[in-house]
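Scroll down for the structure; my scribbles are underneath it.
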Amino acid sequence: MSSPTPTNATTPDHKPSNFLRQIIEHDLAAGTYAQRRWAGSPGDATHQAQGEPDPAKIRTRFPPEPNGYLHIGHAKSICLNFGLARDFGGVCHLRFDDTNPEKEDTEYVNSIIDAVRWLGFEWNGAPDATPYQASDYFDFMYRAAEHLIEAGHAYVDEQTPEQMRINRGDFSKPGVDSPFRSRTPAENLARFREMRDGQHADGAMVLRARIDMASANINLRDPAIYRIRRATHHNTGDKWCIYPMYTFAHPIEDALENITHSICTLEFEDQRPFYDWLMERLTEGGLLASPPPHQYEFARLNLTYVVTSKRKLAQLVYDHKVSGWDDPRLPTLVGLRRRGYTPEAIHLFAERIGVTKSDSWIDYSTLEGCLRETLDVSATRAMAVLDPVKLVLTNWDEVMGAGMLDDCSAPLHPHHPELGTRHFKIGKEVWIDRTDYEETPPKGFFRLFPAHVNASGQAIAASKVRLKYGHVIETIGAVKDADGRVTEVHATLIPDTKSGTPGSDAVKVKGVITWVAVADGVSAEVRIYDRLFSDAQPDAGGKDFLECLNPNSLKVVTAIVEPSLASAKADDKFQFERHGYFVADRVDHAAGKPVFNLAVGLKDSWGK
Ligand code: ATP
Ligand code: MG
């Protein structure tokens, strides 16, 4: 089948097209898979022949190895495979690729199920279906191996691994036939059964496909398909002491599940000829239904400032460089979720980066942009002071009355009045951000500064600034401690300037600042996250990614937040006005002890 050239065409449902969508459209139009039958569960040709015509127009699959937590790269694959199935009337399978007996862990299995569900997908064609697992197909894989042996397509090789490596040749040199290559099928079958029955030591021999030791594609030089490995498997226990190799197992898993389009990352391109070879041998032998699945490759996601390898992520976790798999600085889906990422933001990202056939790097700011865009629409607003210093309104008692607290209000979302209003107080003392006061302001600084003489000798009047949703104030100056650090800022309130009251805008101001009253402000822990790595490609070119950790990737501050945030629930997202988007931490946030994580700033300060 030829692959049409990618274009930027748009499909009728207004999804941007890509080469995979075009291949599927072509297959649907040509009826490539229209004759297939599905007996309701995975199985061989005989099993599927008993079924109805497959109600799924296409079948795709997401086949993680349960040896770690999923990351943003997996999310690209999930959105792609589940998205294609959804858009083309198909079904996407969630399959645990657990053919390697040593690596399975139920913690990982559960986390993968949660991640796929969190992204909003259901698998295997029914809500809450049990995911498939590759180890359930061991019996068939064994039978397929015997079939290959009987048909003269596989042999047991007793060369040492070293001999095998040397005899495989390399790019410039063809391989050399193993002395065991010409054994008869009967001999091979007997040996293979001895392997299965535990009569040989681990590594003593392997079963190899007999293809072509001179092939230009080294993957076709009689690849190993079964090895001896005494290991207890989480699913099959000690039933087997031989296990299939991934390259043999994977196409069979796809075929038993009636997968039509088996989509994997580009590294597997050189494996496709073996995939096709194996599918031909097993369909012509009548073991598997026809037509078999076909493999397609797309470029994996490479994202700057993170590592996306389960092994490297595990190292960060187990070396305690981060707090766990769900550390908000990690690109794991649990980490991103705790950071404040939503499924919508991740879907938008997957759509925006698209699917191509050539590797490239995506800037981390693209991911952040997607979060910012989705949160701008949905996150309610609040005021927070991250580095609080007290502002005293010295004339409050005369103008407003001693001890008086005035009511202020603001919309929960500026573009969604239907969401309602938040209420808070203003009084003689309010918290403001330390950076909002400058004794000698730089040019263009419009927030709080006292009357002063500037660098060019000009007398500058004290600034007038609006306390957002409150009154206009005029700066007096600041009280400092012995070290010259500001401990209190003083200002006067200008009467009749309260936001929303008649004539309130009579006094013009250039600066508006956010604040929280001392009377009703709530103390909160705020975790300000930055990039985990200070290098854009921490593991590229043989670099040691652990050397590139950003020492300032987490700063914890005690902030004062608006009273409306006292009732925030874990996972609730907010825009802290002027600061960015924050999420109530799903692990540590509790009533009476609020904890917020910085999800993303208001502006992209990195991309440029
Ligand atoms: P890792 O190296 O992180 O362990 P993996 O590819 O070995 O990744 P699997 O569990 O085998 O992890 O992956 C499941 C699926 O996710 C595969 O189909 C794989 O192609 C896809 N996938 C993994 N990483 C990425 C990525 N960075 N971009 C796109 N797809 C990915
Ligand atoms: Mg892997």
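Just so you know, ligand 1 is whichever comes first in the structure, and atom 1 is the first atom listed for that ligand. The figures here come from the full heavy-atom set of this structure, side chains too, leaving out hydrogens, waters and symmetry mates. Starting from 1, each residue takes its place in the sequence as its number.
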Under 6.0 Å between ring centres: does that hold for Tyr142 and Trp240? yes

Is there a nitrogen or oxygen of Lys76 sitting under 3.5 Å from a nitrogen or oxygen of ligand 1? no

Given the ring of Tyr305, does Arg531 sit roughly above its face, with NZ or CZ under 6.0 Å from the centre of the six-membered ring and within 45° of the axis? yes

What atoms of ligand 1 come within less than 4.0 Å of a heavy atom belonging to His71? 3 (O), 24 (N)

Any nitrogen or oxygen of Pro63, main chain or side chain, under 3.5 Å from a nitrogen or oxygen of ligand 1? no

Does any donor atom in the side chain of Glu107 or Tyr69 lie under 3.5 Å from an acceptor atom in the other side chain? yes

Mutual orientation of the aromatic rings belonging to His294 and Tyr296 [parallel < 30°, tilted 30-60°, perpendicular > 60°]: tilted

Numbered atoms and elements of ligand 1 in range of Phe62, under 4.0 angstrom, heavy atoms: 14 (C), 15 (C), 16 (O)

Are the aromatic rings of His347 and Phe121 close, with centres under 6.0 Å apart? yes

Do any nitrogen or oxygen atoms of Lys310 lie less than 3.5 angstrom from nitrogen or oxygen atoms of ligand 1? yes

Contact check: His74 vs ligand 1, nitrogen or oxygen atoms, below 3.5 angstrom: yes

Kindly compute the distance separating OG1 (Thr342) from CZ (Arg337), expressed to the nearest 0.5 Å. 11.0 Å

Pick from Gly73, Ser309, Pro331: the one approaching atom 2 (O) of ligand 1 most closely through a non-hydrogen atom: Ser309

Distance under 4.0 Å to a non-hydrogen atom of Pro64: what atoms of ligand 1 satisfy this? 10 (O), 14 (C)

